[in-house]
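Notes for the one structure printed next.
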Amino acid sequence: MHSKTVNKRIGTTIRYALILIFAIPMVLPVLWMLSTALKDNTAVFAMPPQWIPKKFHWENFVTGLSRINFWHAFLNTLFIAVLCMIGAIISNLSVGYALSRFKFKGRKLWFYLIIGSMMIPGMTTVMPMFKFWTAVHAYGTWLPMIIPAFLAAPFNTFLVRQYMSTIPKSYDEAAKIDGASSVQILATVIAPLCKPLIAYMAIATFQGVWNDYMNPLLYVISKKDKWTLALAVARLSSGTYGNEWNLFMAADIVYFLPVLILFFVFQDYFMEGLGSMSATGVK
């Protein structure tokens, strides 16, 4: 028994040591960002590099955020991200529910078309979509960034359909006997059973929208009052303030903090969702 305990501890130690070794390349860029954000701009390019600044310039965070009108861009991004997150959850759950629970003509064909659309490179749709949104006079608005989230994404729809296929249909039948409609069944019976999957979609959608740079660049670049944080922070690294990398790093650190906090708060649901998808995605 003693030897088994020792071997278990050795194995655990080795695993944690390997995790630490592989984590170092991921942590180093973040530490360098923080180091740069706290330096004077002349010390950024000092040779040899200074990991620990000789003097900490905490005012870089205040100056960097004021340069990009942080709170205005933050609220813009938060508004778009929350709407897209709600739209993604509602649309993907609805489509996935229909494909997994209803029997209608052409159901398999629609499912195969959805799966097949994942093979279309995203860049091939940029120009057609830009022309479409321009034609409907949506250029200069947030609509091109928000509306697609309410139309269901192929990958998330696939995950929802596979996940719901593992839920017994007896739940639906019991709810129908009680007089529940399909919408009520989805909202009160099926959706609560999909909490890990919903958490995954919420975090993934929020992160995707928060980090989205191309769509704001395409549709609201000429409307500074509608800029998102991704666009505002990117502008800080070019133009008038192109050489002030300490301010850019300070703003960039604050920029990615909300996503980091969101992940750590809901990481249990997120990891549970990934585990559930790995178990049901190949069904």
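L75 and I261 fall within a single hydrophobic cluster, where Ile, Leu, Val, Met, Phe, Trp and Tyr are joined by side-chain heavy atoms under 4.5 Å apart, directly or via other members. M26 and L20 fall into different hydrophobic clusters, where Ile, Leu, Val, Met, Phe, Trp and Tyr are joined by side-chain heavy atoms under 4.5 Å apart, directly or via other members. Note on L247 and W227: separate hydrophobic clusters, where clusters join Ile, Leu, Val, Met, Phe, Trp and Tyr whose side-chain heavy atoms are under 4.5 Å apart, directly or indirectly. Placement of L143 and L218 within a single hydrophobic cluster is found when ILVMFWY residues are connected by side-chain heavy-atom separations under 4.5 Å, directly or transitively. No continuous path of hydrophobic side-chain contacts links I19 to L31 [ILVMFWY only; heavy atoms under 4.5 Å].
The environment of I52 atom CD1 is sparse: at most 12 non-hydrogen atoms of other residues, nucleotides or ligands sit within 6.0 angstrom. Shown here is M214, whose CE atom has no more than 12 heavy atoms of other residues, nucleotides or ligands within 6.0 Å. A 6.0 Å sphere centred on OH of Y213 holds more than 12 heavy atoms belonging to other residues, nucleotides or ligands. Sparse packing is recorded around NZ of K176, with 12 or fewer heavy atoms of other residues, nucleotides or ligands lying under 6.0 Å away. Heavy atoms of other residues, nucleotides or ligands lying less than 6.0 angstrom from CZ of F264 number 12 at most.
Atom CD1 in I190 sits 10.5 Å away from atom NZ in K169 (nearest 0.5 Å). Between atom CD1 of residue I221 and atom CG of residue L231 there is a gap of 4.5 Å, rounded to the nearest 0.5 Å. Note that the OG1 atom of T205 and the CG atom of L83 stand 12.5 Å from one another [nearest 0.5 Å]. With values rounded to the nearest 0.5 angstrom, S94 atom OG is found 11.0 Å from I89 atom CD1. Rounded to the nearest 0.5 Å, atoms CD1 (I86) and CD1 (I90) are 6.5 Å apart. Taking CE of M129 as the reference point, atom OH of Y219 lies at 6.0 Å (rounded to 0.5 Å).
Across every non-hydrogen atom of A232 and A73, the tightest pair is CB-CB, 4.2 Å. S91 and A149 get closest at one heavy-atom pair: OG-O, 3.1 Å. Residue P148 comes nearest to M145 through the heavy atom pair CD-C, 4.0 Å, listed as atom of the first residue, atom of the second, then distance. Considering every non-hydrogen atom in both D252 and V233, the closest pair reads OD1-CG1, 3.8 Å. In plain terms, the two heavy atoms of G96 and M164 that are nearest each other are C-SD, 4.0 Å. The heavy-atom pair separating N60 from A37 by the smallest distance is ND2-O, 2.8 Å.
Shown here are the ring pair (Phe, Tyr, Trp, His ring centres under 6.0 Å) partners of F102, two or more places apart in sequence or in another chain: Y97. Contacts of F111 classified as ring pair (Phe, Tyr, Trp, His ring centres under 6.0 Å), with partners at least two apart in sequence or in another chain: none. In this view, F61 satisfies the ring pair (Phe, Tyr, Trp, His ring centres under 6.0 Å) rule with no residue, not counting sequence neighbours.
Contact of the F206 side chain with the L78 side chain is registered, since non-hydrogen atoms from C-beta on lie closer than 4.5 Å. Within the 4.5 Å cutoff, the side chain of P144 has no heavy atoms near those of the N215 side chain. Between M33 and F256 there is a side-chain heavy-atom pair separated by less than 4.5 Å. Considering only heavy atoms from C-beta on, M201 stays 4.5 Å or farther from L159 through its side chain. Taking 4.5 Å as the limit, some side-chain heavy atom of V254 sits within range of a side-chain heavy atom of L65. Side-chain atoms of L28 and W32, non-hydrogen and from C-beta on, never get closer than 4.5 Å to each other. Side-chain atoms of V95 and V160, non-hydrogen and from C-beta on, never get closer than 4.5 Å to each other. Between I114 and L99, some side-chain heavy-atom pair lies under the 4.5 Å cut-off.
In this structure, the side chain of T77 engages the main chain of L229 through a donor-acceptor pair within 3.5 Å. Side-chain N or O atoms of W51 include none that pairs as donor or acceptor with a backbone N or O of S35 at under 3.5 Å. Although no hydrogens or angles enter the test, the distance criterion places a donor-acceptor pair under 3.5 Å between the side chain of N211 and the main chain of Q207.
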Trace of the side-chain contact (heavy atoms from CB on, under 4.5 Å) decision for D212 with T228: CA-CA 9 Å; D212 186 16; T228 61; over 6 Å; no

Chi angles and distances behind the side-chain contact (heavy atoms from CB on, under 4.5 Å) call for I146, F150: CA-CA 7 Å; I146 296 174; F150 286 83; 3.8 Å; yes

Worked check of side-chain hydrogen bond (donor to acceptor under 3.5 Å, both in side chains) between T12 and R15: CA-CA 5 Å; T12 302; R15 283 197 298 270; 3.3 Å; yes

Derivation of the side-chain contact (heavy atoms from CB on, under 4.5 Å) call for N246 and D40: CA-CA 7 Å; N246 54 344; D40 180 78; 5.5 Å; no

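Residue pairs meeting the side chain to side chain donor-acceptor pair (under 3.5 Å) criterion with at least one partner in residues 101-115, sequence neighbours excluded, are R101-D172. Pairs of residues two or more places apart, or lying in two chains, that qualify as side chain to side chain donor-acceptor pair (under 3.5 Å) and include a residue from residues 149-160 are N92-T157. Sorted pairs that involve residues 122-150 and meet side chain to side chain donor-acceptor pair (under 3.5 Å), not counting sequence neighbours, are lacking altogether.
Ring centroid separation for the pair Y255 and F70 does not come in under the 6.0 Å cut-off.
In this pair, W210 and F74 present their aromatic rings perpendicular. The plane angle is above 60°, beyond the 30 to 60° band.
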